[in-house]
Amino acid sequence: MPGWPAGPLGSSGPMIDTRLLLDDFEVTAARLARKKVDPALPEAARDLARRRREQVRRVDEARSAMNAGSARVGALMRAGRRAEADDLRAELASRRAEVDELEATLREIGAELDDVVLRIPNLPADDVPDGAGEEDNVVLRTHGFDPSVYAGAKWAPHWEVAERLGIFDAERAAKLSGGMFSVLRGDGARLLRALVTFALDLNRDHYEEILPPHLVRTETISRTGHLTKFDTQAYRVRDDDLWLVPTAEVPLMGLHQGEILPEAGLPRRYMAYTVCWRREAGAAGKDTRGLQRVHEFHKVELVKLCKPEDGEAELEALLADAERPLQILGLPYRVVLLCAGDLTFSASKVYDLEVYAPGVDKWLEVSSISLVTDFQARRGQIRFRREGGGVEFVHSLNGSGLATPRVWAAILELGQQPDGTVRLPAALAPYLGRDAIG
RNA sequence: GGAGGGAUGGCAGAGCGGCCGAAUGCGAGGCUCUUGAAAAGCCUUGGGAGGCGACUCCCCGGGGGUUCGAAUCCCUCUCCCUCCGCCA
């Protein structure tokens with residue numbers, strides 16, 4: 001079913017409900033302020049939304065008059081009163097011009113409103129802590145991390161470990177595709193495949209596994225908020241109107257775009273393993289060594305659609321689902337609650353999961369568990385029908401179920417042995433048929 | 001890639017440019033009848049915007065055009081079906 005109704009503004013990108021700006025401006029502006037939004041933005045949006053509403057009324061009135069006149073022409077024609085019909089017709093032609101003019105103005109206001117609204121992020125949840133940026137995030141808990149184990153000892157970075165074992169070939173990857181690409185070999189390739197299968201198997205009872213296309217339309221990707229003036233992360237296929245998915249979240253969220261789901265069908269829980277492509281524009285020189293940041297990687301993504309009142313509970317459950325593989329693999333990690341100022345554009349509340357990698361001595365972000373509320377659903381027109389009647393937007397959530405190559409890299413750094421081999425998590429033995437590489 | 005046909009409400013399926021947001025059937029919900037159920041009968045049953053409300057406006061795959069007026073005519077895009085070609 002191609003072609004779903006355009007959003008209220010007929011624009012691209014996710015957006016907040018302008019009605020919040022119209023009906024509850026003070027509270028909404030205060031919440032946006034916590035996200036470090038320029039206060040001029042919500043004010044401008046409110047003013048434009050008002051102007052737009054007024055203009056809609058003018059257009060409707062003019063059109064109503066037009067429609068009534070046209071109906072009268074029809075009636076006159078049927079009555080055989082030709083001359084009168086012709087007179088009225090001539091008169092209506094000029095009214096037509098009037099309507100066209102009013103509509104043009106409406107479009108202008110709409111475009112201006114669009115321009116402002118698209119820069120307004122989702123509202124932060126009330127229980128998200130205040131803060132300006134990364135430094136104000138809150139580490140909620142740390143799991144399986146004993147700093148004394150890593151103090152002093154010599155831990156090689158994963159690229160050294162991997163190249164020594166011959167399972168990672170950065171040089172040939174560069175030859176094939178350039179920097180920030182990878183070639184995995186032998187047990188390295190198998191380890192990655194094992195991680196993916198392990199994660200899918202782990203969640204098979206709670207999520208429906210989807211194998212989606214890796215190329216999506218402009219329409220699909222822009223309605224998830226991953227293609228905006230400000231987001232140039234995705235690769236475009238040159239000769240077709242298609243984009244390589246930067247995350248499986250894009251096709252998964254796209255699944256129900258334009259649909260009205262039955263309440264009984266919620267929540268929907270989907271998972272998908274896909275390759276992910278990201279241009280990483282603007283990240284030049286950051287984490288370029290090894291596999292912390294690459295243009296092409298493999299990931300199992302979890303996505304949920306639920307009723308608004310279930311969002312919080314689903315978020316906690318999603319967090320648990322993302323932690324489980326790290327626990328079973330025995331990786332030291334911590335749970336970070338992002339402060340309002342560090343929240344991503346579309347999210348209202350986010351937990352980051354970070355695995356400790358001793359070789360680079362860093363906490364690597366391996367999952368970002370996000371509650372998006374109705375922000376994406378509004379843009380994608382994903383709704384549900386209450387059993388008692390009434391149609392509302394669903395709330396959406398997403399997070400990585402398991403993200404390579406960072407988990408892959410962490411396993412290599414954490415498992416390294418004095419003899420140069422790498423001990424692998426026992427949970428992967430069924431997939432690899434061994435417990436060590438080298 | 002080439003040739004042709006199609007897209008209408010939850011589904012099926014009508015719709016001479018005005019009386020069509022849209023017949024009819026099915027499905028769903030409510031009511032009547034009934035001890036209960038079935039059958040039968042009556043009524044309701046898409047989404048969005050605005051208004052206290054009467055009500056008004058927009059949407060018949062998407063976008064654009066012709067016209068006083070478009071589900072209906074024209075252009076274009078997308079998708080689906082049939083046939084031919086190619087192919088893992």
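Heavy atoms only: backbone and side chains are in, while hydrogens, waters and symmetry mates are out. Below, read A as the first sequence line, B as the second, and so on, with proteins coming before strands; counting in each chain starts at 1.
- Searching all strands for a Watson-Crick or G-U wobble partner of B:U67 with both distances below 3.5 Å returns nothing.
- Of the possible donor and acceptor atoms, none in the side chain of A:Arg95 sits under 3.5 Å from a partner among the backbone N and O of A:Ala62.
- Using a 4.0 Å heavy-atom cutoff across all strands shown, A:Val391 reaches sugar-phosphate atoms only and no base atom.
- Comparing B:G18 with B:G29, their C1' atoms are spaced 35 Å from each other, to the whole Å.
- Pair assignment for B:U34 gives none, since no Watson-Crick or G-U wobble pairing has each distance under 3.5 Å.
- One finds no side-chain N or O of A:Arg52 lying less than 4.0 angstrom from the OP1 or OP2 phosphate oxygen of B:A49.
- Here, B:C33 and B:G27 have their C1' atoms 23 Å apart, quoted to the whole Å.
- Looking at A:Trp277 and A:Val275, their side chains come closer than 4.5 Å, going by heavy atoms from C-beta outward.
- The side-chain heavy atoms of A:Phe384 and A:Ile260, taken from C-beta on, include no pair separated by under 4.5 Å.
- With a 6.0 Å radius and a threshold of 12 heavy atoms from other residues, nucleotides or ligands, A:Glu101 has its CD atom at or below the threshold.
- The pairing partner recorded for B:U78 is B:A7, the criterion being a Watson-Crick or G-U wobble arrangement whose two distances lie under 3.5 angstrom.
- Across the P atoms, B:A14 and B:U8 are found 11 Å apart, a figure rounded to whole Å.
- Counting only residues at least two apart or in different chains, ring-ring contact (aromatic ring centres under 6.0 Å, His included) contacts with residues 168-207 of chain A comprise A:Phe181-A:His295.
- Annotation: salt bridge (charged side-chain N to carboxylate O under 4.0 Å, His left out) contacts involving residues 421-438 of chain A, sequence neighbours excluded, comprise A:Asp187-A:Arg434.
- Going from the P atom of B:G21 to that of B:C59 covers 11 Å, rounded to whole Å.
- Between A:Glu61 atom CD and B:C58 atom P there is a gap of 13 Å when expressed in whole angstrom units.
- Whole-Å rounding puts the A:Leu92 CG to B:G17 P distance at 21 Å.
- Within the nucleic acid shown, A:Arg63 comes within 4.0 Å of sugar-phosphate atoms alone, with no base atom in reach, counting heavy atoms only.
- Remark: A:Arg53 is in phosphate contact with B:G50, judged by side-chain N or O atoms under 4.0 Å from OP1 or OP2.
- Atoms CZ (A:Arg386) and C1' (B:U45) sit 20 Å apart, rounded to a whole Å.
- Checked against the 6.0 Å centroid threshold, A:His256 and A:Tyr270 count as a close aromatic pair.
- Distance check on atom C1': B:G15 versus B:C87 gives 43 Å, rounded to whole Å.
- Atom CZ of A:Arg107 and atom C1' of B:G63 are 13 Å apart (whole Å).
- B:G69 atom C1' lies 10 Å from atom CZ of A:Arg89, rounded to whole Å.
- Atom CG of A:Leu106 and atom P of B:G50 are 13 Å apart (whole Å).
- B:C55 atom C1' lies 12 Å from atom CG of A:Asp60, rounded to whole Å.
- Between the P atoms of B:G5 and B:C57, the separation comes to 37 Å (whole Å).
- Pair assignment for B:U72 gives none, since no Watson-Crick or G-U wobble pairing has each distance under 3.5 Å.
- Nearest nucleotide to the A:Ala93 side chain, out of B:C57, B:C68, B:G51: B:C68.
- The separation of B:G61 from B:C19, taken at their C1' atoms, amounts to 27 Å, rounded to a whole angstrom.
- For A:Arg96, the side-chain hydrogen bond (donor to acceptor under 3.5 Å, both in side chains) criterion is met by A:Asp100, not counting sequence neighbours.
- Note on residues 34-46 of chain A: pairs passing salt bridge (charged side-chain N to carboxylate O under 4.0 Å, His left out), not counting sequence neighbours, are A:Arg34-A:Asp130.
- Here B:A49 is the nucleotide among B:U78, B:C68, B:A49 with the atom lying nearest to any side-chain atom of A:Val56.
- Considering only side-chain N and O atoms, A:Arg96 lies nowhere under 4.0 angstrom from the phosphate OP1 or OP2 of B:U67.
- One can place CG of A:Asp17 at 13 Å from C1' of B:G48, the figure rounded to the nearest angstrom.
- The gap from the P atom of B:G46 to that of B:G51 amounts to 23 Å, rounded to the nearest Å.
- Pairing partner, B:A28: B:U44, with both Watson-Crick or wobble hydrogen-bond distances short of 3.5 Å.
- At the phosphate of B:C77, neither OP1 nor OP2 sits under 4.0 Å from any side-chain N or O atom of A:Arg217.
- Across all strands shown, B:C84 is found opposite B:G1 as a Watson-Crick or G-U wobble partner, with both distances under 3.5 Å.
- Taking a 4.0 Å limit (strictly below) on heavy-atom distances, residues 66-76 of chain A reaches RNA chain B at A:Met66, A:Asn67, A:Ser70, A:Val73, A:Gly74.
- In terms of phosphate contacts, A:Arg58 brings no side-chain nitrogen or oxygen within less than 4.0 Å of OP1 or OP2 of B:G50.
- Scored by the side-chain hydrogen bond (donor to acceptor under 3.5 Å, both in side chains) test, A:Glu392 finds A:Arg386 as partners (sequence neighbours excluded).
- Toward the 5' end of RNA chain B, the nearer of the two residues A:Arg57 and A:Ser64, judged by each one's closest nucleotide, is A:Arg57.
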